[in-house]
Undergrad: 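Submitted below is the structure of interest, expressed as structure tokens.
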Amino acid sequence: MNYDFAALESKWQDYWQKHKTFRAANPHDDGFDPSQPKFYVLDFFPYPSDVGLHVGHPLGYIATDIVARYKRMRGFNVLHPMGYDAFGLPAEQYAVECGVHPRITTEQNCANMTRQLERLGMSYDWDRSFATTDPDYYKWTQWIFLKLYNSWFDPASNKARPVHELVEQLESHKFYIGPEGELIESPARSLDVLAGAPIGSRHWHELTGTDQQLLLDQHRLAYMAEVPVNWCPALGTVLANEEVTNEGRSERGNHPVYQRPLRQWMLRITAYNDRLLKDLELVDWPEPIKLMQRNWIGRSQGAMVDFSLANSDDVIRVFTTRPDTLFGATYMVLAPEHPLVDPITTSEQQAEVAEYQQRSMERTELDRMAEDREKTGVFTGAYALNPVNNEKIPIWIADYVLMGYGTGAIMAVPAHDQRDHDFACTFGLPILKVVDADDVDNTDPEAFSGIGVGVNSANDSVNLNGLPTPQAKTLIIQWLTDHGLGKQEVQYKLRDWLFSRQRYWGEPFPILHGPEGQIRAVNESDLPVELPEMEDFRPSASDDPTAPPQPPLGRAPGSWKHVEIDGILYLRELNTMPQWAGSCWYYLRFTDSSNKTRFVGEQEEQYWMNHDTADGTPQPPGVDLYVGGAEHAVLHLLYARFWHKVLYDLNHVSTPEPFGRLFNQGYIQAYYYEDERGIRVPADKVQENNGGFLYEGKPVVRHFGKMGKSLKNAVTPDEICRQYGCDTLRLYEMYLGPVDQSKVWHTHDIVGVHRFLQRFWRNLVDSDGNLAVSDEPAATPLRKLLHQTIKKVSDDMDRMSFNTAIAAMIELNNALVSLTKVPREVAEALVLLLSPQAPHICEELWQRLGADSSLSHQSWPTFDPSLLVEDSVEYPIQVNGKLRGRLTVSVDADSSEVKHQALHDGSVQRAIKGKTIRKVIIIKGKMINVVAN
RNA sequence: GCCGGUGUGGCGGAAUUGGCAGACGCGACGGAUUCAAAAUCCGUUCCUGGCAACAGGGUGUGGGUUCGAGUCCCUCCACCGGCACCA
């Protein structure tokens, strides 16, 4: 009887569904076993696209499914859920083009993806599934937004607290309010040496009602601000940097794009800078990902320095990490958007400056940061005074200085910063060396940015000459502080999170705007704010660059847009939230996805997110294994950590971090082909011909890239499942290579693992369909091989090295081919070992071996260590590092005996002939190396 | 440009801690079975020279550390991911 994968795969998928084999019981549920440890294994939240899955998508899902099945057999309560991140642009764009409501498209796509995942035999607890677009879910996304809106970050306790607590503190005069709305804890602290004493500080009760509201808004974690965006009036929308071409036009339609400020919702993620940085120590993540997050947060220590202007009372504040080079600052540069540019520009320079500002508005930020670009800039006509020597230095504007980082102004030290150096060379500005390095050629025409010893750096009261850079920094900062010219400061690269989108298909903000600009949060009891039914989702296009943006929700019915409360007519917020919002907390909802009264039940959240550290070993908090691509290394993972910390501060979750262990899967890539016109042709129709490639008889060129629709090289899991079965597909994807590496898909190679399953089946089932298994014990060599394999596979499963586990099982299976009947002890163990990876065939064989229930909760096989011990060992013998011979000796032979025998080996003798033996290195159990010359 | 990663036979990969480079699979080649084919089974397969024993070379490039380097350090090259409104 043949291995009929189609029949038995659907049989077991039905069985699992009917018996709810993979249901995960919550603490208060029937069938919950408190004696077992928990394991929460989760995939990155997928977006269900309209073309469905290709074989690249399930790579990570198969890996987590194998882990889930393995952990169940290891006696864990396993939570392994799946759901959909279903808001987003494609469905909305499809609606604009084809008039189908995004909800309909989205539901179809979700259903299709569920079907595809079920066909792959995934052991999800489907009862917990949901989509971010479900009002039951986004109700709580909105609720979390309200928590952000109604919180402030208390620097004293370094955590978020409800805004009403700030009001209480202000009412009890705990804080003074500085001139810029800053909170000042005690009067003594207000003697800020930097800006001069801020005498303008006031108490809460001295503010008007409106000013009180403004003050609170200024400290909320969700706030509104004007931020520059890529505005494309012709498309009526804001564009991502990637949607803007180098020429500053829209990728779609080639329309002009303008940088313009837009008032939008922001989230104050920067309040969490140092906690996001520090708590990376709590989690078990790949070191490169942690490094990328650290670099993204970008903590740098340096100094704020104030430069006064030659002809006005204003000061330009700069941040520098190299205050020790202050004597070498020969000019200053402001970002073109800097607020001081207009007031200081002299009348002669006005036209040129305005023209430059206009031009830089048309550049993308990425383009501006590119270091190899030709430096451009314009002199403002104004001068500043270098605080260390009162020299008049010119002030320029240039687009390589960004408003969004630091203070939007720099002191330029062309001798020691490459970009400043390039700029100074381009415009003939003076270059003054102030740091000397012993090991660097002094004639080097480039900037020296390393550390060294100060030179040319002294005035009447401070002298950095001869001082190594670190000491020079400390000394100059002290001097600046003493003279009220600057102070030590820590700066971060991380910016606040722009949270508004001018889109329809996203979560509406639970926010109302009053006629006087007042902001009012929707009551929690009125959530969710559901998306209104609409027919036209198009943004309003315009030829006028200054026309105000009109988000799609501007077309919503008046009954939705307007809300009257207490006689005041409010307008709903018309922007929606970004797709990130829904994926920021879904892992929490999975622990209790049907909860109607809370975003998640306390007990459920604590059970699945916290580790029982009863055995004393500290475990990272949160999800036990989180698997997805490295492309989310920074943004998603940082945003989710931020939300989680806010919820933690407000006592809604019990762990400081959401994801304990992170694992990055690689991508599946595939060949794609282009004809002579550069048009991509369907990869599955291309034929190989003498090292060349033909499509419809014409030669095509082979390229290589990430699998997908656009390259016409996608292979769907459906067609592979039909042809070989999903056990084969699962096995092949894992056998391709390490899960965390990218690899190339070759449909052709699938036969290898398919043959393995065929052979496995034939080893246990004869051609008449009878079990070919004997109850005789296995011969010793086979039993040894079995126990070696159990050890190898167990170790490999623990470190997610599935490809090598499969290789080991293939070897064991190959050893069974010559037997007429396979010993039961071998058959049963191999079925269990393979079952996480190829569950259907193993369930079927397990049943045929006599079981009356699923093997999903069977115990994982164990090995007998005594069977792994060998009594002899084969040593390779090297002479000067080259392999020359082999020696087999008993395991407990002593070194002098091994050495004696090794030196008398024939080929070793030949290799050392005429040489003197200098040393013989014997690594017990490993190898022998004879050093001779 | 900046940040992060990867590079091993014809191909995917293995080598877990610095210790026999190429496990396992694909492909290719030879054989068995078959009227024939598919399927299956057995064998060979890093490169060069040699009938062979064997010798020499070999983990992107160039250098270094070491008795010993795919593995550690430095240099360069190529490719992949991210750069905040794709998510």
Side-chain angles (χ1 to χ4, degrees), chain A residues 2 44-47 85 87-90 229-230 237-244 264 269 286-289 291-292 294-296 298 365-373 404 418-419 493-503 578-580 583 629-636 638-639 664 666-667 669 691 704-706 732 735-738 740-746 748-753 755-756 758-759 762 795-796 799 801 803-804 806-811 814 817-818 874-878 880-883 886 907 910 918-921 923 925-932:
Chain A
N2 283 334
F44 280 15
F45 215 21
Y47 177 80
D85 188 14
F87 277 126
L89 210 46
V229 294
N230 301 314
T237 184
V238 172
L239 298 178
N241 283 334
E242 67 154 19
E243 296 173 300
V244 182
Q264 316 190 60
I269 189 172
E287 212 44 54
I289 302 292
L291 193 54
M292 279 194 266
R294 286 192 192 104
N295 291 340
W296 189 262
E365 196 168 301
L366 196 63
D367 185 34
R368 285 175 59 171
M369 285 189 294
E371 217 158 85
D372 60 342
R373 227 188 77 232
Q418 191 58 49
R419 289 171 307 178
K493 221 183 309 189
L494 184 67
R495 311 198 294 246
D496 274 340
W497 174 10
L498 201 164
F499 199 67
S500 303
R501 299 291 183 272
Q502 294 71 44
R503 304 265 159 75
Q579 204 172 346
W580 303 112
S583 60
E631 69 270 23
H632 292 286
V634 177
L635 294 179
H636 159 64
L638 202 60
Y639 292 157
N664 287 122
Y667 312 97
Q669 299 173 307
F704 178 65
K706 198 171 158 182
Y732 176 64
Y735 193 56
L736 225 37
D740 57 357
Q741 269 175 38
S742 292
K743 47 232 146 188
V744 186
W745 178 270
H746 286 121
H748 201 72
D749 292 356
I750 280 195
V751 293
V753 285
R755 277 177 203 154
F756 162 53
Q758 300 265 24
R759 193 176 300 179
R762 280 199 312 272
D795 288 352
D796 286 350
R799 61 192 183 101
S801 179
N803 54 330
T804 51
I806 296 167
M809 290 185 281
I810 291 176
E811 285 186 79
N814 286 347
V817 171
S818 57
E874 188 192 61
Y875 281 98
I877 313 169
Q878 295 181 347
N880 294 332
K882 270 191 199 305
L883 181 68
R886 292 182 179 285
S907 40
R910 236 175 298 133
R918 301 290 172 193
K919 207 193 239 179
V920 178
I921 295 155
I923 310 293
K926 287 274 186 190
M927 61 154 352
I928 302 161
N929 191 11
V930 179
V931 184

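A note on names: the letters A, B, ... follow the listed sequences, proteins ahead of strands, and every chain is numbered from 1. Only a predicted model underlies this, so the values are computations on that prediction, with no experimental measurement involved.
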Undergrad: Paired with A37(B): which nucleotide, if any, by Watson-Crick or G-U wobble criteria at under 3.5 Å for both distances?
TA: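 Matched A37(B) with nothing under the 3.5 Å cut-off.
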Undergrad: What is the nucleic acid contact for K882(A), judged by heavy atoms within less than 4.0 Å: base, sugar-phosphate only, or nothing?
TA: sugar-phosphate
Undergrad: Atom NE2 of H748(A) to atom P of G25(B): distance rounded to whole Å?
TA: 16 Å
Undergrad: So what's C11(B) paired with, Watson-Crick or G-U wobble, going by both distances under 3.5 Å?
TA: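 Pairing partner, where one exists within any strand: G25(B).
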Undergrad: With both distances under 3.5 Å as the test, what is the Watson-Crick or G-U wobble partner of C85(B)?
TA: none
Undergrad: Counting any heavy atom closer than 4.0 Å, what does Q758(A) reach on the DNA or RNA strands: base, sugar-phosphate only, or nothing?
TA: nothing
Undergrad: Looking at R501(A), I'd like to know whether one of its side-chain N or O atoms comes within less than 4.0 Å of OP1 or OP2 on C85(B).
TA: yes
Undergrad: Should the pair W580(A) and H636(A) be assigned to parallel (<30°), tilted (30 to 60°) or perpendicular (>60°) ring geometry?
TA: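 Parallel: the ring planes of W580(A) and H636(A) meet at under 30°.
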Undergrad: Within this structure, what is the CD-to-P distance between Q741(A) and C79(B), rounded to whole angstrom?
TA: 19 Å
Undergrad: Would you say the side chain of W296(A) lies within less than 4.5 Å of the side chain of K493(A), judging by non-hydrogen atoms?
TA: no
Undergrad: Specify the separation, in whole Å, of atom CG of N295(A) and atom C1' of C3(B).
TA: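 Roughly 6 Å, once rounded to whole Å.
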Undergrad: Output the rounded distance in Å from CD1 (I810(A)) to C1' (A23(B)).
TA: 11 Å
Undergrad: If the glycosidic angle is within 90 degrees of 0 it's syn, otherwise anti, so just tell me which one G9(B) is.
TA: syn
Undergrad: Suppose we define a pair by two distances each less than 3.5 Å, Watson-Crick or G-U wobble; what does G68(B) pair with here?
TA: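 Pairing partner, where one exists within any strand: none, as none qualifies.
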Undergrad: From E631(A) CD over to N664(A) CG, what is the distance, rounded to the nearest 0.5 angstrom?
TA: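 It comes to 8.5 Å.
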Undergrad: Hey, does the side chain of N241(A) come within less than 4.0 Å of A84(B)'s phosphate (OP1/OP2), counting only N and O?
TA: yes
Undergrad: Is there a Watson-Crick or G-U wobble partner for G56(B) with both distances under 3.5 Å, and which nucleotide is it?
TA: C47(B)
Undergrad: Under a 3.5 Å cut-off for both distances, is C79(B) Watson-Crick or wobble paired, and to whom?
TA: G5(B)
Undergrad: Measure CG/D740(A) against C1'/U16(B) and give the value in whole Å, please.
TA: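 Rounded to the whole Å, the gap is 13 Å.
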